[in-house]
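Below is one structure, written out as structure tokens, with a few remarks after it.
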Amino acid sequence: MKTRVNIILLLICFQFTYTQNQKVIDSLTKDYQSRELDSFKVKTLHTLIEKIMFKDPELAYKYAKESLELSKKINYAYGEGGGYLAIGNYFSNKADYDSATYHYLKAEKIFEVIKSNKGFLFSNHMLADIERLQGNYDKAISYINKNLKTYTNKKDIENLKGWNLIGSEYELLGKIYINKGNYIIATKETLNALRFFEKTNDSIRKADALNQLSSIESIQSNFRKSYEYATDAYSIYKKFDDKFYMSYAANNAGSALINLNDLNNAKKQFENSISVAKEVNNKLALLKAKASLGLIYSKEKKYFLARKELESSLAMAKEVDSKLDISDALMQLASLDVIENNPKNGLLKVQEVIRNSSLIGARDFLSKAYKKESVIYETLNNDSKALASYKKYTDLKDSIYNISKSQQIEELKTIYETEKKETALALQEEEINTLNAQAKVDKLTKGIYGGSAIGGLVLSGLLFFVFRQRTKKNKLEREKLDAELAFKKKELASQTLHLVQKNTFLQELKENLENLKNSPEKFKVEFRRIVMLLKKQNADNKDWEVFKSYFSEVHDNFDKKIKQVYNDITEKELRLASFIKMNLSTKEIAAMLNVLPDSVLKSKYRLKKKLGLGKETDLYNYLIEL
């Protein structure tokens, strides 16, 4: 019964929000229609356009053209700039980037002439986003950096809209660095954006940042967290009836569910995304959903349906010139070619992805393309080229994902969560102080007015109860925060323990070699010490056992789980599997095992084979799920 009541309350709240939004739109429409032709009529029209841009884009486009014509009639330059901006937004949302760029440049020129900083900065922001979508990342970053430098020097930065503009710049920087494969900066900038949006209580922009964090978590293989961020964002978009961005959030939620092997619910998310994307003509979300549906059909071995969706996605991606989406569709079609015994066609598609990704600096896609190329060469029995491509893949992957970068991303998120919790605790403490002060005032009042002893006692008791509850809540929050921080420290300790021990050993070895160099007469003694030191390093498993106990605590008895899959796993293979699960790079593993990187690659191949994994299964992704 409680669940049913909660659902009814949610529906009532949603209906109320929707009704309120519709009332605002109706009021603005009526106001616009009744006004005489002046600048206020144009401003009302612009506000109306903002409210209906995603709800009814065609009507918004009609109003945008009308606002431009009216502004020209009354020689209202700011209105002209706003009209060009609104038309640019319409074309940008339709992925017609040439038309959008033309109108944004028109707006930028007008705002520059009339010295409207916000209009000029917003035009630059939209031009930067178009450059990002077309893969021109450096040009996009230059637009944003110019905006940040200009706006943060202005006195009106405390204005709420000012904070939102700055937040938008950081959010866009986050998107660019996701595309470039630099996830540390992407996380940092997205969290910066989230701070600004929370400062201004801008729920809709907060949802944008959450959706972006969902993408980053997915790339880091944190699929459960990715799904949570995406569904949180979707709920906010739905509350505001923002179907344009609902489609993006549904795509992110679906992608996370694919990786969590929940294909049925993933399919529902993509079907939902396609439905709402069609309503508002969001071509980018539509083609992404189609590509993801293609992946699901492929996993279900419905290859005809998979190819149909992927070719549709590819055609749409080429139409809007979205290079990353073109690459995504080509990669999946290449996988289908291999499945359907046409690896040479698949190889041509992958090599096209490699060329495109190299041109725009999309390192993550380039890394995946080299991996796919390696698989295809292996299928064609060209082992030398397969190994060469795999080396390119691991070298590039190691430069994008490694232990230190993963730690930095986790630290950034921990700092953000800590700041958030400390702010909440400070507010709670402030409330307690207020209640204390109120209690003192009430006590004094009781002494002065003497006839309300009972009421005063009740009030004091109530205040004391609230005080105790707040104090208890504070304590629990602090304990929770301390536990989370302790876990992070423990995890970092487990990741660095063996590295520290290795460095200690190398330092000791270096000192012995210097002694040998400085005192040749001590050759026999020092040489014996070095040999003993090397034997100790190789033979003593105590450090490994300590490391293993840390690792087992943090990673939930990983050694027992992997032995259930492969009972005869050796200690050496278990060590390798543990390091891979920690997301150590090939070079880092080689340094820790005192072997060459090529030897680590061969060991990975053998381990994958012993675990019975197919060519398409990534060893890291498999181990991270254990």
Side-chain angles (χ1 to χ4, degrees), residues 50 53 81-82 84-86 88-89 92-93 97 100-101 103-105 107-109 111-112 115-216 229 233 236 242 244-245 248 284 360-361 409 412-413 415-416 419:
E50 284 178 20
M53 178 59 74
Y84 281 122
L85 263 181
N89 289 341
S92 178
N93 292 337
Y97 300 131
T101 299
H103 287 92
Y104 286 142
L105 287 171
E108 181 192 48
K109 190 173 180 181
F111 288 131
E112 188 175 18
K115 293 183 170 50
S116 169
N117 287 318
K118 287 180 184 175
F120 180 75
L121 293 166
F122 190 75
S123 304
N124 272 351
H125 177 86
M126 299 310 296
L127 286 165
D129 199 27
I130 287 175
E131 295 295 348
R132 174 190 71 85
L133 290 164
Q134 295 181 317
N136 304 322
Y137 302 133
D138 291 340
K139 196 169 179 181
I141 290 169
S142 69
Y143 271 122
I144 294 169
N145 286 338
K146 183 169 68 172
N147 274 5
L148 286 172
K149 187 178 178 182
T150 303
Y151 203 83
T152 52
N153 286 332
K154 297 296 172 185
K155 290 180 181 178
D156 59 346
I157 190 171
E158 290 296 336
N159 179 282
L160 293 183
K161 289 184 179 177
W163 286 113
N164 273 2
L165 273 173
I166 295 167
S168 299
E169 299 306 309
Y170 284 123
E171 182 200 352
L172 187 52
L173 273 176
K175 283 181 186 172
I176 291 166
Y177 283 107
I178 289 173
N179 295 155
K180 283 172 73 70
N182 191 329
Y183 304 116
I184 295 173
I185 297 181
T187 304
K188 178 186 171 187
E189 303 300 5
T190 306
L191 289 174
N192 275 338
L194 193 55
R195 286 184 180 97
F196 282 115
F197 299 142
E198 286 179 340
K199 184 181 180 70
T200 59
N201 294 317
D202 189 337
S203 297
I204 203 82
R205 300 311 309 278
K206 179 182 174 182
D208 294 343
L210 290 172
N211 206 31
Q212 197 154 293
L213 286 171
S214 170
S215 298
I216 296 170
Y229 277 135
I236 295 171
D242 189 344
F244 195 87
Y245 283 95
Y248 285 128
L284 275 176
I360 64 174
I409 288 171
L412 284 169
K413 290 191 288 187
I415 289 166
Y416 168 74
E419 285 176 0

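FYI, side chains are in, hydrogens and waters are out, and symmetry mates aren't considered; it's all heavy atoms of this structure.
A 4.5 Å side-chain heavy-atom check between Tyr229 and Ile216 finds every atom pair outside the cut-off. At a threshold of 4.5 Å between non-hydrogen side-chain atoms, the residues Glu171 and Phe197 count as touching. The closest side-chain heavy-atom distance from Leu213 to Leu191 is below 4.5 Å.
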- Is there a side chain to side chain contact (heavy atoms under 4.5 Å, CB included) between Asp208 and Tyr248 once you walk through the steps? CA-CA 10 Å; Asp208 294 343; Tyr248 285 128; over 6 Å; no

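The minimum heavy-atom distance between Ser92 and Tyr97, with the atom names listed, is O-CE2, 3.9 Å. Counting all heavy atoms, side chain and backbone alike, Ala107 lies closest to Gly81 at CB-O, 3.5 Å. Minimum heavy-atom separation, Gly167 to Ala193: O-CB, 3.3 Å. The shortest heavy-atom contact between Phe111 and Ser123 is CD1-OG, 3.6 Å. In terms of heavy atoms, Ala100 sits closest to Gly88 at CB-O, 3.5 Å.
A distance of 11.5 Å separates CD of Glu131 from CD1 of Ile141, quoted to the nearest 0.5 Å. Atoms CG and NE2, on Leu85 and His125 in that order, are 11.0 Å from each other to the nearest 0.5 Å. Note that NZ of Lys175 and CG of Leu173 are 11.5 Å apart. Values are rounded to the nearest 0.5 Å. Atom CG of Asn136 and atom CG of Leu127 lie 12.0 Å apart (nearest 0.5 Å). Once rounded to the nearest 0.5 Å, the distance linking CG of Leu194 with NZ of Lys206 reads 6.5 Å. The line from CZ of Phe120 to CD of Glu108 is 4.5 Å long, rounded to the nearest 0.5 Å.
A donor-acceptor contact under 3.5 angstrom links the side chains of Tyr104 and Asn89, judged on distance only.
A side-chain donor-acceptor contact under 3.5 Å links Thr190 to the backbone of Ala186.
Ring planes of Phe196 and Tyr170: parallel class, angle under 30° (limits at 30 and 60°).
Take Asn93 and apply the side-chain contact (heavy atoms from CB on, under 4.5 Å) test, not counting sequence neighbours, and it matches Met53, Phe54, Phe244.
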